[in-house]
Amino acid sequence: QVQPVESGGGLVQAGGSLRLSCAASGRTFSNYVVGWFRQAPGKEREFVAAIIWSGTLTYYADSVKGRFTVSRDDAENTVWLQMNSLKNEDTAVYYCAVGRGPVYQKSSYNYWGQGTQVTVSS
């Protein structure tokens with residue numbers, strides 16, 4: 001079993017940047033899909049981005065395309081979510097999740113982190 005652990009959230013002004021990290025605890029991310037989801041108050045948890053560990057394919061929600069970048073560090077067994085040009089509507093709890101795919105399907109992820117709060121102020 002692999003347990004993802006997120007870190008890096010915080011408070012940032014609109015237009016600023018934050019980088020979230022997701023580290024693997026227990027096992028490595030090898031052969032998994034690692035995804036990022038977010039949930040704002042009163043809203044459903046939604047897909048943000050994902051990376052397939054065994055390759056270089058990445059996936060993004062339209063709302064973050066061009067602003068967010070997901071990447072991985074093999075040596076540290078960590079996935080990063082670089083978030084630039086942040087907007088008020090990016091405010092949410094961000095979750096890292098691990099599964100086998102399909103990447104956009106929330107129910108396909110078996111392991112979830114505890115979440116990290118990202119707050120964007122205007």
Side-chain angles (χ1 to χ4, degrees):
Q1 167 171 331
V2 56
Q3 181 61 45
V5 180
E6 310 98 335
S7 62
L11 174 65
V12 64
Q13 286 191 326
S17 298
L18 275 177
R19 187 173 73 161
L20 305 182
S21 66
C22 176
S25 175
R27 292 180 62 182
T28 70
F29 286 142
S30 296
N31 301 316
Y32 283 104
V33 174
V34 181
W36 287 95
F37 289 76
R38 67 186 181 186
Q39 188 166 18
K43 294 189 177 181
E44 293 285 323
R45 192 172 297 188
E46 64 175 5
F47 172 82
V48 175
I51 186 166
I52 297 181
W53 191 262
S54 59
T56 58
L57 292 176
T58 55
Y59 304 83
Y60 298 95
D62 288 343
S63 59
V64 306
K65 205 170 290 182
R67 301 187 298 121
F68 290 11
T69 303
V70 61
S71 61
R72 72 174 201 259
D73 185 319
D74 291 358
E76 296 190 10
N77 202 27
T78 297
V79 171
W80 306 95
L81 182 67
Q82 177 67 43
M83 305 185 295
N84 298 329
S85 301
L86 283 162
K87 305 175 181 180
N88 290 342
E89 51 264 42
D90 294 319
T91 295
V93 177
Y94 283 71
Y95 297 89
C96 180
V98 179
R100 300 287 190 185
V103 301
Y104 297 107
Q105 191 171 322
K106 188 168 49 180
S107 61
S108 73
Y109 292 84
N110 304 106
Y111 309 105
W112 291 81
Q114 79 286 355
T116 185
Q117 177 71 46
V118 171
T119 303
V120 183
S121 65
S122 54

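Bear in mind the structure is a predicted one, so any value in this text is a computation, not a measurement.
The distance from atom CD1 of I52 to atom CG of L57, rounded to the nearest 0.5 Å, is 5.0 Å. Separation of atoms CZ (F68) and CG (L20) is listed at 8.0 Å; rounding is to 0.5 Å. Here the CG-CZ distance, from N31 to R100, works out to 6.0 Å after rounding to the nearest 0.5 Å. Rounding to the nearest 0.5 Å gives a distance of 9.5 Å between CD of Q39 and CD of E46.
At least one donor-acceptor pair closer than 3.5 Å links the side chain of T78 to the backbone N or O of E76. Using modelled atom types, one side-chain atom of Y60 and one backbone atom of V70 make a donor-acceptor pair closer than 3.5 Å.
When side chains are defined from C-beta on, W112 does not count as touching C96, because their heavy atoms never get closer than 4.5 Å. In this structure, the side chains of Q117 and T91 come closer than 4.5 Å at one or more pairs of heavy atoms. The closest side-chain heavy-atom distance from E6 to Y94 is not below 4.5 Å. Residues R67 and M83 have side chains not in contact (no heavy-atom distance under 4.5 Å, counting atoms from C-beta outward). Within the 4.5 Å cutoff, the side chain of F47 has heavy atoms near those of the Y59 side chain.
In terms of hydrophobic clustering, with Ile, Leu, Val, Met, Phe, Trp and Tyr side chains grouped at heavy-atom distances under 4.5 Å, V33 and Y104 are assigned to a common cluster. V64 and Y95 are assigned to two separate hydrophobic clusters, defined by single-linkage of ILVMFWY side chains at heavy-atom distances under 4.5 Å.
Residue A50 comes nearest to V103 through the heavy atom pair CB-CB, 4.1 Å, listed as atom of the first residue, atom of the second, then distance. Contact between Q1 and R27 at its shortest, heavy atoms only, is N-CD, 3.2 Å. Among all heavy-atom pairs drawn from D73 and W53, the shortest one is O-CH2, 3.8 Å. For the residue pair G101 and S108, the shortest heavy atom distance occurs at O-CB, 3.3 Å. Across all non-hydrogen atoms, the minimal contact from A24 to V2 is CB-CG2, 3.9 Å. The two residues L81 and A49 make their nearest non-hydrogen contact at CD1-CB, 4.1 Å.
Look at K65 and D62 and you find a salt bridge, because one of the NZ, NE, NH1 or NH2 atoms lies within 4.0 Å of a carboxylate O, short of that distance.
Here the rule is side chain to side chain contact (heavy atoms under 4.5 Å, CB included) with L18, and of V120, V118, D90 only V118 fits it.
Counting non-hydrogen atoms of neighbouring residues, nucleotides and ligands closer than 6.0 angstrom, the CD atom of Q13 reaches no more than 12 such neighbours.
With a 6.0 Å cutoff to the six-membered ring centre and a 45° limit on the axis angle, R72 does not count as a cation-pi contact of F29.
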Audit row: Y111, Y32, side chain to side chain contact (heavy atoms under 4.5 Å, CB included) steps and yes/no
CA-CA 11 Å; Y111 309 105; Y32 283 104; 4.2 Å; yes
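Taking the six-membered ring for Trp, Y109 and F37 have ring centres closer than 6.0 Å.
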